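Note that the structure is predicted; figures quoted are calculated from it, not measured.
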Amino acid sequence: MWSNPRVPYELASKRKQLTPPNGKPIIVHVVMNVEYWPFDKNMPRGILPPPHGKVADPPDLPNFSWVEYGMRVGLPRLMKLFYENNIPVSAFINAQVAQIYSSAFEEICKLKWELVGHGWFQESLRVAKDEESVIIKSLSLLRELSGQQVRSWFGPGGGETENTPELLKANGIEFLHDWSIDELPCWMRTKLGPIVAMPYTFELNDVPIWTVQNNACDEMYKRVKATLDIFENEKQFNTKIMTLALHPHIVGVPQNFYYLKKIIKDLISRNDVIFMTSSQIGDWFIQEDGSYGEGLKSFLESPPK
């Protein structure tokens, strides 16, 4: 039996040692979630609770304004930081951003951020009326307008149905960030053949840190330092991946951005860190793991016992 229907269980300490890319044993993956929250729909999340105990029906102006600020002010602030430090970024992007925030999308493409599918707008696939249609039109629009292959996906809110991995596989997705079960990529079973389950994070993620747990502004900075301290020993035994999951309306406000700048400064000063995007990490894993073939394909396609 498997602990889940997709990925065979394996102790991290027993995994194959993977040669670090360019001799750098700590991979840092900077993720910028770029989202569209429609003005005429319920907000996916809120910084303020509904007033007077009433449900916040549209227009929910305080919470809409929260995320709109990020797209107007936080995003260019972050773009400048990563450009000036030559840091590659994965944009986990709602496809409709290309239509609603077209100048932001053009700038993202100009900066050569890697586009990662993230739904049509910020709505979980678990509640979408036609998930297949959402996946197809999202990937088609991103690919058409950017010229990128768009090989990776992260569902809004990390949400999936029982059919999501197969639908993604059928539409050219090779790397899937929904299954944040390991600090390294791992092979994942679908009925159409294996894909790669990719690391993500809810611990070094500005949403839980600052809007769910209500931590102080320096919390992410402290967590990154603590993570690197642990990785200092563990990197001797295998390559480590640290994801920074960011949203422009959260980390892009001045008081949080101040500490992100310190994080980036510390990371680029290290000689054991390399910054990589989603598909760069995925391609490195496939090459270094070296197990893709008929044996792996047959095993992952067989149902759990």
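- Within a 6.0 Å sphere centred on CD of Q17, other residues, nucleotides and ligands contribute more than 12 heavy atoms.
- Atom NZ in K169 sits 7.5 Å away from atom CD in E174 (nearest 0.5 Å).
- Cluster partners of L11 are Y9, counting Ile, Leu, Val, Met, Phe, Trp and Tyr whose side-chain heavy atoms approach within less than 4.5 Å, directly or via other members.
- The minimum heavy-atom distance linking T239 with T19 is given by the pair OG1-C, 4.0 Å.
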Legend entry - salt bridge (Lys or Arg N to Asp or Glu O under 4.0 Å) between R72 and E68, worked out: CA-CA 6 Å; R72 291 171 179 262; E68 181 90 349; 3.1 Å; yes

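- With a 6.0 Å radius and a threshold of 12 heavy atoms from other residues, nucleotides or ligands, D130 has its CG atom above the threshold.
- Take D266 and apply the salt bridge (charged side-chain N to carboxylate O under 4.0 Å, His left out) test, not counting sequence neighbours, and it matches no residue.
- Looking at P199 and P185, their side chains come closer than 4.5 Å, going by heavy atoms from C-beta outward.
- For the atom pair SG of C217 and NZ of K222, the computed distance is 11.0 Å after rounding to the nearest 0.5 Å.
- Counting heavy atoms from C-beta outward, Q280 and P21 have side chains that stay 4.5 Å or more apart.
- Under the 4.5 Å side-chain criterion, counting only non-hydrogen atoms from C-beta, F39 is in contact with L61.
- Judged by distance alone, the side chain of T164 and the main-chain N or O of T161 form a donor-acceptor pair under 3.5 Å.
- Residues M198 and F285 have side chains not in contact (no heavy-atom distance under 4.5 Å, counting atoms from C-beta outward).
- Two different hydrophobic clusters hold V253 and Y258 under the rule that ILVMFWY side chains link at heavy-atom gaps under 4.5 Å.
- Classification of the Y259-Y221 ring pair by plane angle, with boundaries at 30° and 60°, yields tilted.
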Legend entry - N4/W179 under side-chain hydrogen bond (donor to acceptor under 3.5 Å, both in side chains): CA gap, chis, key distance, verdict: CA-CA 11 Å; N4 68 67; W179 291 71; over 6 Å; no

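- Annotation for F154: hydrophobic cluster partners, listed by chain and number, are V31, F92, V116, Y200, F202 (ILVMFWY side-chain heavy atoms under 4.5 Å, direct or chained).
- Among pairs with a residue in residues 224-237, those fulfilling side chain to side chain donor-acceptor pair (under 3.5 Å) read E232-K235, E232-R270, N233-Q236, E234-K240, K235-D272, at least two apart in sequence or across chains.
- Evaluation of the side chain to side chain donor-acceptor pair (under 3.5 Å) test over residues 112-121, restricted to residues two or more places apart or in two chains, returns E35-H118, Q96-W120, E114-T277, E114-S279, H118-Q122.
- N85 has its side chain out of reach of F275: every pair of non-hydrogen atoms, C-beta onward, lies at least 4.5 Å apart.
- If you check the side chains of D289 and W187, you find a donor sitting under 3.5 Å from an acceptor.
- The environment of Q149 atom CD is sparse: at most 12 non-hydrogen atoms of other residues, nucleotides or ligands sit within 6.0 angstrom.
- Heavy-atom contacts from other residues, nucleotides or ligands closer than 6.0 Å to NZ of K137 number more than 12.
- Among residue pairs with one or both ends in residues 196-212, those qualifying as salt bridge (Lys or Arg N to Asp or Glu O under 4.0 Å) are E203-R223; sequence neighbours excluded.
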Legend entry - Derivation of the side-chain hydrogen bond (donor to acceptor under 3.5 Å, both in side chains) call for Y101 and E107: CA-CA 10 Å; Y101 302 113; E107 188 67 17; over 6 Å; no

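- Between T211 and I250, the closest heavy-atom pair is CG2-CD1, 3.8 Å.
- Linking Ile, Leu, Val, Met, Phe, Trp and Tyr residues whenever their side-chain heavy atoms come within less than 4.5 Å places V89 and V207 in a single cluster.
- Salt bridge status for K14 with E10: absent, with no side-chain N to carboxylate O gap under 4.0 Å.
- Here F64 contributes atom CZ and D40 contributes atom CG; the two are 9.5 Å apart, rounded to the nearest 0.5 Å.
- The only member of I281, I286, L168 that meets side-chain contact (heavy atoms from CB on, under 4.5 Å) when paired with F175 is I286.
- Judged by distance alone, with hydrogens and angles left aside, the side-chain atoms of T243 form no donor-acceptor pair with the main-chain N or O of A245 at under 3.5 Å.
- K41 places no side-chain N or O within 3.5 Å of a backbone atom of P58 that could act as its donor or acceptor partner.
- A single hydrophobic cluster is not seen to contain both I136 and L176; linkage of ILVMFWY side chains at heavy-atom distances under 4.5 Å, directly or through other members, places them apart.
- The 12-atom threshold is not exceeded at CD of Q287, counting heavy atoms of other residues, nucleotides or ligands nearer than 6.0 Å.
- Cluster membership check: F231 does not share its hydrophobic cluster with F237, using side-chain heavy-atom separations under 4.5 Å among Ile, Leu, Val, Met, Phe, Trp and Tyr.
- Within the 3.5 Å criterion, the main-chain N or O of L18 finds a donor-acceptor partner in the side chain of N238.
- In this structure, L267 CG and L244 CG are separated by 6.5 Å, a value rounded to the nearest 0.5 Å.
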Legend entry - salt bridge (Lys or Arg N to Asp or Glu O under 4.0 Å) assessment of E166 paired with R6: CA-CA 11 Å; E166 280 75 22; R6 298 286 185 181; 2.7 Å; yes

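- With contacts defined as side-chain heavy-atom distances shorter than 4.5 Å, the pair I173/L139 qualifies.
- Inter-residue side-chain proximity for M220 and L246 is flagged as met; some heavy-atom pair is nearer than 4.5 Å.
- Annotation for I195 and P165: closest pair CD1-O, 4.5 Å, computed over non-hydrogen atoms.
- Contact check for V273 versus K24: no side-chain heavy atoms found under the 4.5 Å cut-off.
- By the 6.0 Å contact criterion, NZ on K16 is enclosed, its count of non-hydrogen atoms from other residues, nucleotides or ligands being greater than 12.
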Legend entry - Pair S90-H29, side-chain hydrogen bond (donor to acceptor under 3.5 Å, both in side chains): steps then yes or no: CA-CA 8 Å; S90 294; H29 184 200; 2.7 Å; yes

